[in-house]
Amino acid sequence: MQIKPILSALRRHKSGTILIALQIALTLAIVCNALFIVHERVDKVNRTTGLDETNLIAVSNDYVGAPEDFTPLMKTDLQTLRSLPGVVDAYVTNSYPLRQGGWSTGVQTDPDSKAKGQSTALYFGDEHALKTLGVRLIAGRNFNAGETVTVGRQQQPGTAQVIVTKALADKVFPDGNALGKVIYLAKGKPSTIIGIVEKLTTPWIQNDFVEGDYVTIMPVMFNSSFQQFLVRTQPGQEDAVFKAIPPALYATNRMRVLPDKVGIRKFEEVRRRAYDADRGMAILMSVVCGVLLAITAAGIVGLSSFWVGQRRKQIGVRRALGARRSDILSYFMTENFLIALVGVIVGVILAVGLSQWMFTHFEMKRLSLTYVAIGVVALLALGQAAVFAPALRASRVSPVEATRSV
Amino acid sequence: MFSYYLQLGLRSLRRNPVLTGLMVMAIGFGVAASMTTYSVFRATSRDPIPQKSSQLFNTQLDNWGPDKLEKGEPPQALSYKDATALLRAHKAKRQTITYPIGVSVIPDNAGRLPIREGAYATGADFFPMFDVPFLQGTGWTLEDDEKHASVVVIAKSLNDKLFDGGQSVGKQLNLDGHLYRITGVIEDWAPQPLFFDVPNTGGFDEGAKVYVPFNRAVDLKLPNAGNNSCVAEPGEGWDNYLRSECIWLSLWSELPTKAEADSYRQYIEGYAADQQRAGRFSWAPNIKVRDVMTWLDVQHVVPKESQVSLIVSLGFLVICLVNTIGLLLAKFMRRAPEIGVRRALGASRKDIYAQFLIEAGTIGVAGGVLGLILTGVGILGVGLVFPEPVARLATLDPVLIMLTLVVAIVASLIAAFYPTWRAAQVQPAWQLKSN
């Protein structure tokens with residue numbers, strides 16, 4: 001290949017060359033990092049909860065007035081919900097996956113331990129919880145009807161029986177023999193693990209205290225004015241049940257509030273709201289990447305066209321001296337490749353530097369090198385595609401141009 | 001001369017519509033992306049109470065012990081024990097404790113359903129301290145605080161709902177079955193970031209519609225509707241909860257001078273040292289007394305999304321500029337012969353500068369207008385990326401409109417500087433010779 005003459009020609013167009021290389025470098029740095037953010041967010045949005053999310057409705061309810069004991073009200077409401085036509089089952093809890101608010105506490109195997117213990121999210125429920133959520137019990141048994149206890153507002157709950165996720169069981173008992181073992185929650189009373197469910201995520205999509213699916217379900221009725229009811233409907237009955245819930249609940253007891261936006265939600269709405277910010281960020285970054293690549297390509301087309309125009313006479317001379325059209329085409333393609341190569345080399349350094357900076361400032365994950373590699377290939381290809389049309393035009397310059405003045 | 005150069009510039013731009021379009025789009029997109037993300041950043045990082053932010057202080061104090069803390073930062077909130085002790089000591093001009101409560105308003109009319117409203121339990125000083133704007137009446141008094149009076153301040157929108165916007169001072173309000181006397185109606189007031197309750201709102205929230213006295217709320221055992229963190233089991237019942245080390249209260253103090261702030265800080269330090277001497281804390285005092293902006297900064301109120309997208313869009317703007325430099329260079333240098341002729345006919349370098357900068361300026365104006373339209377679209381789309389309470393804050397106000405145009409024009413002039421310089425360097429003799 002005629003690399004040497006290309007290099008010496010480039011030396012005469014320093015500023016243009018540097019500008020294209022710089023643009024490619026910067027584009028690579030931004031696009032790699034933006035795509036990485038997109039990938040991270042898409043991964044997050046696609047996380048499963050372990051629930052059967054279809055035909056599931058969440059009701060957020062607040063009792064008005066200040067009775068000493070809310071449990072009779074809750075029990076009546078549960079009866080009302082369970083007896084609605086089209087309802088499979090229902091239970092009452094403090095929180096559920098993707099709700100973005102809930103309780104966490106530490107799990108210990110030794111009640112006298114000074115350490116904080118493995119963090120776990122706490123879900124309250126009863127024997128109807130697993131069926132309503134649609135999670136799979138893989139070991140042990142469900143709660144019994146008589147095991148549910150009432151817990152007051154300012155108490156840390158501790159129950160004799162708990163069901164935990166497999167993730168938590170394996171974390172606390174790495175040998176895999178968690179079933180039947182005793183754990184202590186927040187240094188409270190001893191709790192025996194009576195069942196293990198396959199998967200159930202925490203209420204938070206990001207939380208410093210609970211990473212991973214470390215969840216404990218307790219047979220508890222939480223004596224508070226503020227409650228979450230979960231309702232599973234028969235397939236095809238979701239809309240009908242959704243409409244029937246508010247009048248049924250108000251008919252049972254008017255002294256309650258079902259808040260405007262979050263009062264009654266289908267679970268798909270819960271999921272949508274939870275991941276709004278992440279989905280938006282992924283869309284924004286994708287759009288930015290698309291526009292950036294388009295602008296970079298347009299820049300290359302513009303500058304290359306200018307060069308072709310400037311060098312028509314030179315091209316004509318080469319053609320007159322016997323250069324084939326393919327020689328001219330490959331000249332410009334190679335020229336762009338060389339410039340882009342320098343650009344991507346600088347770009348890789350910038351991309352890694354930017355990622356490192358974001359890692360220290362925003363606690364973001366470090367850029368995976370796969371993305372850098374994809375970015376490099378994409379930008380080299382983009383450069384070649386962008387220069388193709390101007391190069392083709394150059395190759396069509398006729399040898400007669402050699403005799404013309406500019 | 002200006003209008004002549006402007007005409008020349010416009011004609012030249014029309015000659016290469018594709019190239020011109022590319023430049024206008026590059027500037028427009030670059031500016032729009034930066035301005036849209038900047039609008040969010042500006043909204044989330046602004047000073048919520050500029051006239052007083054350096055005089056208002058949040059108090060933090062380690063009642064948990066160093067091994068329970070992350071990076072040595074004292075807990076975000078105070079226990080009842082500490083908050084009330086520090087309030088009683090009265091070492092600041094004004095002081096108030098706040099915590100969010102959930103209350104339901106029960107309408108007099110039995111046919112209407114109860115309404116749930118966001119509410120805070122706080123002290124009388126809350127209103128003058130934070131310059132809360134009143135529409136009717138006033139806040140309650142310090143005496144009301146001491147008497148544990150059943151009084152309430154409500155916001156305009158609730159007043160509209162319950163009393164059709166009429167005079168309601170002196171009337172009764174039924175919250176969860178308890179009657180309160182309305183002392184004042186305020187505007188729907190929610191400074192953003194909601195600095196006085198960052199732990200529970202993250203800084204962005206609609207704000208409350210109901211404010212009740214702290215002492216009365218504690219008497220009624222109104223549970224805290226916000227975060228509650230306990231390092232040890234508080235024991236059963238409300239009184240045990242008040243005695244516990246659970247943290248759930250914010251304490252704010254108004255300290256108008258630096259001397260007052262310093263002596264207040266010393267007092268808090270001394271208080272913590274006393275607790276250590278008394279055997280309650282087995283660790284050295286670890287306290288923080290921070291003014292509004294420092295507090296917002298330490299609590300990372302500006303969302304990560306907002307910062308990352310601002311950085312990415314600034315990078316985007318830089319790339320658009322580099323691109324524009326390249327395209328302008330191509331465009332200007334293509335006219336080297338024309339420049340040569342003009343120079344040979346006596347145009348000075350200054351004239352060339354003027355002509356080409358004006359031409360670039362017109363691109364900047366066009367890019368700015370496009371950028372403005374796209375910024376408008378972008379701000380409408382902000383709701384896709386940012387949570388609703390944050391997105392609401394991003395608005396296209398006159399300042400942002402001006403800024404968008406200025407940034408676009410300045411950016412295009414910066415981009416034009418090098419190509420123009422190159423154009424001005426064109427040697428007349430060379431160009432004439434080759435012709």
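Within every chain, numbering begins at 1; the chains are lettered A, B, ... in the order of the sequence lines, protein sequences first and strands thereafter. Everything numeric here is computed off the predicted structure, so don't read it as measured data.
With a threshold of 4.5 angstrom between heavy atoms, Ile37(A) approaches chain B through side-chain atoms but not through N, CA, C or O. Looking at Asp276(A), only its backbone comes within 4.5 Å of chain B, counting heavy atoms on both sides. The parts of Met333(B) that come within reach of chain A are both its backbone and its side chain, each placing non-hydrogen atoms under 4.5 angstrom from that chain. Proximity to chain A involves both the backbone and the side chain of Ile325(B), based on heavy atoms less than 4.5 angstrom apart. Contacts between Met255(A) and chain B at a heavy-atom distance below 4.5 Å involve backbone atoms as well as side-chain atoms. Proximity to chain B involves both the backbone and the side chain of Leu26(A), based on heavy atoms less than 4.5 angstrom apart. For Leu22(B), the part sitting under 4.5 Å from any heavy atom of chain A is the side chain, from C-beta outward, and nothing else. Both the backbone and the side chain of Ile319(B) come within less than 4.5 Å of a heavy atom in chain A. Heavy atoms closer than 4.5 Å to chain A are found nowhere in Leu321(B), neither backbone nor side chain. For chain B, the nearby parts of Met281(A) are the backbone and the side chain; heavy atoms of each come within less than 4.5 Å.
Contact check for Trp204(A) versus Ser104(A): side-chain heavy atoms found under the 4.5 Å cut-off. In this structure, the side chains of Leu379(A) and Leu293(A) come closer than 4.5 Å at one or more pairs of heavy atoms.
For the options Leu113(B), Val103(B), Val318(B), Leu175(B), heavy-atom pairs under 4.5 Å to chain A are most numerous at Leu113(B). Interface remark: of the candidates Ala298(A), Gly309(A), Gly302(A), Ala298(A) forms the most heavy-atom pairs closer than 4.5 Å to chain B. Most heavy-atom pairs under 4.5 Å with chain B, from the set Met285(A), Met358(A), Arg254(A): that is Arg254(A). Contacts with chain A were tallied for Pro114(B), Gly378(B), Ala33(B); Pro114(B) has the most, counting heavy-atom pairs under 4.5 Å. Heavy-atom pairs under 4.5 Å with chain A peak, among Lys221(B), Met23(B), Glu305(B), at Glu305(B). Per-residue heavy-atom pair counts under 4.5 Å with chain B were compared for Ile300(A), Asp62(A), Thr296(A), and the maximum is reached by Asp62(A). Counting heavy-atom pairs closer than 4.5 Å to chain A, the top residue among Leu19(B), Val308(B), Ile106(B) is Val308(B).
Expressed to the nearest 0.5 Å, how far CG of Leu327(B) lies from CG of Leu19(A) amounts to 9.5 Å. Put simply, CG on Leu292(A) and OG1 on Thr27(A) are 5.5 Å apart, with the number rounded to the nearest 0.5 Å. Here the CG atom belonging to Leu310(B) is positioned 13.5 Å from the CZ atom belonging to Phe316(B), to the nearest 0.5 angstrom.
For the pairing with Asp278(A), the salt bridge (charged side-chain N to carboxylate O under 4.0 Å, His left out) check across Lys44(A), Arg272(A), Arg273(A) returns one residue only, Lys44(A).
Phe332(B) and Trp421(B) have their aromatic ring centers separated by at least 6.0 angstrom.
Because its NZ or CZ atom is not both nearer than 6.0 Å to the ring centre of Tyr63(A) and within 45° of the ring axis, Arg256(A) does not count as a cation-pi partner of that residue.
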- side-chain contact (heavy atoms from CB on, under 4.5 Å) between Tyr38(B) and Leu314(B), worked out: CA-CA 9 Å; Tyr38(B) 172 71; Leu314(B) 285 179; over 6 Å; no

- Query: Are Leu284(A) and Val312(B) close enough, and set up right, to give a side-chain contact (heavy atoms from CB on, under 4.5 Å), and what steps lead you there?
  - Reply: CA-CA 10 Å; Leu284(A) 178 76; Val312(B) 169; over 6 Å; no

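Ring geometry for Tyr241(B) versus Trp238(B): interplanar angle of 30 to 60°, hence tilted.
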